[in-house]
Number of protein chains: 2
Amino acid sequence: MNMNIPALNTKIGDKCADCPIHHRAVCAYCEKSELMLLETMKSYSSYAAGDTIIMAGDNMKFVGSVVTGVASLSQTMEDGRRQMVGLLLPSDFVGRPGREFASFDVVATTPVTLCKFERIPFEKMLKSTPQLRERMLEMVLDELDAAREWMLLLGRKTAREKIASLLMIIGKRQNSLSPFDINTSMKFELSLTREAMADYLGLTLETVSRQINALKKDGVIELEKKRHVIVKNFNRLLDETGDDGDGGYVT
Amino acid sequence: MNMNIPALNTKIGDKCADCPIHHRAVCAYCEKSELMLLETMKSYSSYAAGDTIIMAGDNMKFVGSVVTGVASLSQTMEDGRRQMVGLLLPSDFVGRPGREFASFDVVATTPVTLCKFERIPFEKMLKSTPQLRERMLEMVLDELDAAREWMLLLGRKTAREKIASLLMIIGKRQNSLSPFDINTSMKFELSLTREAMADYLGLTLETVSRQINALKKDGVIELEKKRHVIVKNFNRLLDETGDDGDGGYVT
DNA sequence: CGAACGGTTGATTTGTATCAAGAATCGTGG
DNA sequence: CCACGATTCTTGATACAAATCAACCGTTCG
């Protein structure tokens, strides 16, 4: 629908050292000299909500990190059925080194700032920089685990459990909760439309709407303005996910 | 159900150089001296069909490669719902370096031979051997792509499309077809029970049985002895998957 | 032989999709 | 600031694909 906006080069502060996601992104283990090398190949771009950042099949000229905002990774079938396969939050990596053409669409869900690295130089650096490769491997392994949790959700959970799980993941990550801060209450902004949630969960938007309202009616969650969620009883929501509590996604 | 069988140390030929999966496994890029180092930490184990190789929560004393046979990676919910999240074929890697406890169950679907590496020495070697880490990263990235294709299948495909996709994947991989050998016919052994297929596809075994027989009745596939599949018209099967043909899994 | 397992097939139920209409919210320009 | 059109969301009625429940068949194996 939307094309890339010319990409106003925002300055988050061009120094990697000042970067808000520095300690969690691919570059987390890099030393000063390596960060300086990264700075030579990097640039920032901003995208408006709804912009397509990368289209499946595109020749990838860059890879990068999400600095602010939320983007989604998704796949579309010829007849329009769509499945989200990744939710990209700040510090998440975008693109696949060693691959020339993109396999998935990347779309900005909210306004997004991306820290981009030219792909070829980045790949070279990846080869020669153990710190970078180590972090990369770690991140990919985490993503793989997350993808596998997601497969359980898609294949076996009910609509209600899917919604509860999604709220759980977004809530936990936005509040940076560890799996043991269980008795807290939490609030968070659900920066996805019902349709985006449906694409994520393998449901229709109507079912998403109904199940969210059912959880609300049952007192599991409270809503302000459709997108702002309040969870008074964390454990109550956890029960609804069908998980056994220890599980998965903390990050 | 089954426990590990004492693990008869089979000799596939203790030399890595003679190993049938040597060119595709984690060790693919290793040089002679590195292979020799690997040999110091490796051992072979065999498992009977149905054996649990690793249980979720186990303390991982080893990682390794599937040498022969088929194993599955799966997750089970408290109430027994199960979802397979990976199919491990010869040359696939088992275990996650950098993780002490297993997140998923690994079960032998057919008799399996595993080439095991002690985890701690292997992790050390991973840190110090770029060749090994590079291959590891490549393999994990491929798995991640496969997991994401699988998410589309689980979230959005119909039962019939799911079955067709599974047949496609197993057939392609067993026949080592590239995405362009499209007009060939192929035969292959389906080494999964209907139940295992159901767990893989997020279906019930009854639905799997019905859909396989429907594909047979419609002339898309032929069956010999329930598990041996013949695909005369590759494109016909491809159409049934809902994919656009270029897609995914070749390997 | 009988038990256990894997597979098929039928009848029925059910969760979610689909179709449809309308309400709430947002953004934009007059 | 209000009016508008466009999104986004909700809610209801209905349809349908797959799950569930159930019976039965064929093999294998102790």
Side-chain angles (χ1 to χ4, degrees), chain A residues 1-2 48-51 77 79-83 107 109-111 153-164 166-167 189-218 221 223-229 240 242, chain B residues 1-2 48-51 72 77 79-83 107 109-111 153-166 189-217 221 223-229 240 242:
Chain A
M1 241 144 253
N2 295 283
D51 281 4
M77 294 171 72
D79 62 4
R81 280 175 284 175
R82 196 168 350 133
Q83 177 63 52
V107 179
T109 296
T110 64
L153 178 149
L154 290 172
R156 296 299 187 193
K157 289 190 178 178
T158 64
R160 174 182 261 243
E161 288 170 338
K162 286 178 174 184
I163 296 288
L166 178 63
L167 295 178
E189 205 55 40
L190 200 41
S191 37
L192 300 174
T193 63
R194 305 282 123 126
E195 192 184 19
M197 292 187 248
D199 286 343
Y200 211 129
L201 301 172
L203 296 171
T204 58
L205 63 93
E206 293 95 328
T207 299
V208 170
S209 178
R210 281 187 245 270
Q211 295 296 338
I212 287 184
N213 289 313
L215 286 176
K216 179 181 163 191
K217 192 164 67 87
D218 297 348
I221 60 172
L223 285 185
E224 268 172 21
K225 292 174 78 263
K226 307 290 179 206
R227 298 275 190 91
H228 190 90
V229 181
E240 297 285 354
Chain B
M1 247 146 249
N2 296 283
D51 281 3
S72 71
M77 294 170 71
D79 61 4
R81 279 175 284 175
R82 193 162 357 127
Q83 177 64 51
V107 179
T109 297
T110 63
L153 178 148
L154 290 171
R156 295 300 189 193
K157 289 190 178 178
T158 64
R160 174 181 260 245
E161 289 169 338
K162 286 178 175 184
I163 296 288
S165 301
L166 178 62
E189 205 56 39
L190 200 41
S191 36
L192 300 174
T193 63
R194 306 282 123 125
E195 191 183 19
M197 291 187 248
D199 286 344
Y200 211 130
L201 300 171
L203 296 172
T204 59
L205 62 90
E206 294 95 328
T207 299
V208 169
S209 178
R210 282 187 244 271
Q211 294 298 337
I212 287 185
N213 289 312
L215 286 176
K216 179 180 163 192
K217 192 164 66 85
I221 60 173
L223 285 184
E224 270 171 21
K225 293 175 78 263
K226 307 290 180 205
R227 298 275 191 91
H228 190 89
V229 181
E240 297 285 355

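Residue numbers begin at 1 in each chain, while the letters A, B, ... track the order of the sequences. Every value quoted in this text rests on a predicted model; they were computed, and no experiment measured them.
- Counting any heavy atom pair closer than 4.0 Å across all strands shown, A/R81 reaches no nucleic acid atom.
- The 5' end of DNA chain C is approached more closely, in terms of each residue's nearest nucleotide, by B/T207 than by the other of B/T207 and A/T158.
- Donor-acceptor pairing under 3.5 Å, judged by distance alone, is present between the side chain of A/E206 and the base of C/dC19.
- Listed candidates were C/dG7, D/dT10, C/dA11. Nearest to the side chain of B/R194 is C/dG7.
- A distance-only check finds a donor-acceptor pair linking the side chain of B/S165 to the backbone of B/E161 [under 3.5 Å].
- In this structure, the nucleotide among D/dC9, D/dT10, D/dT20 sitting nearest to the side chain of A/T193 is D/dC9.
- Base engagement by A/S209 is indicated by at least one non-hydrogen atom pair under 4.0 Å involving a base atom.
- Residue B/L215 contributes atom CG, which lies 15 Å from atom C1' of C/dT8 at whole-angstrom precision.
- In this entry the distance linking NZ of B/K216 with P of C/dT8 reads 8 Å, nearest Å.
- Map A/V208 and A/R156 each onto its nearest nucleotide of DNA chain D; the residue landing nearer the 5' end is A/V208.
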Please step through side chain to side chain contact (heavy atoms under 4.5 Å, CB included) for the pair B/R227 and B/L192, ending with a clear verdict. CA-CA 8 Å; B/R227 298 275 191 91; B/L192 300 174; over 6 Å; no
What's the verdict on side chain to side chain contact (heavy atoms under 4.5 Å, CB included) for B/V229 and B/L223, showing C-alpha distance, side-chain angles and the deciding distance? CA-CA 5 Å; B/V229 181; B/L223 285 184; 3.9 Å; yes
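- Summary for the helix from C/dC1-D/dG30 to C/dC26-D/dG5: the axes at its two ends, each from 5 pairs, differ by 40° when rounded to the nearest 10 degrees.
- Residue A/K226 contributes atom NZ, which lies 9 Å from atom C1' of C/dA23 at whole-angstrom precision.
- Counting any heavy atom pair closer than 4.0 Å across all strands shown, A/R227 reaches sugar-phosphate atoms only and no base atom.
- No donor-acceptor distance shorter than 3.5 angstrom exists from the side chain of A/R156 to the backbone of B/R81, with no hydrogens or angles considered.
- Look at CG on B/L205: it is 15 Å from P on D/dA22, rounded to the nearest Å.
- Taking atom CD of A/Q211 as the reference point, atom C1' of D/dT10 lies 14 Å away to the nearest angstrom.
- Contact between B/Q83 and B/D199 at its shortest, heavy atoms only, is NE2-O, 3.0 Å.
- Rounded to whole Å, atom C1' of C/dG15 lies 17 Å from atom NZ of A/K157.
- Atom CG in B/L192 sits roughly 13 Å away from atom C1' in C/dG6 (whole-Å rounding).
- For the residue pair B/S191 and B/T110, the shortest heavy atom distance occurs at CB-CG2, 3.5 Å.
- Residues A/I221 and A/I212 meet the side-chain proximity criterion, which asks for heavy atoms closer than 4.5 Å.
- Using a 4.0 Å heavy-atom distance criterion, B/L203 is classed as a sugar-phosphate-only contact.
- One interatomic measurement links the two molecules: CZ of B/R160 to P of D/dA19, which rounds to 16 Å at whole-angstrom precision.
- A donor-acceptor contact under 3.5 angstrom links the side-chain atoms of A/R210 to the base of D/dG12.
- Counting non-hydrogen atoms under 4.0 angstrom, B/T204 reaches a base of the nucleic acid.
- Remark: B/E240 CD to B/Q211 CD distance equals 10.0 Å, nearest 0.5 Å.
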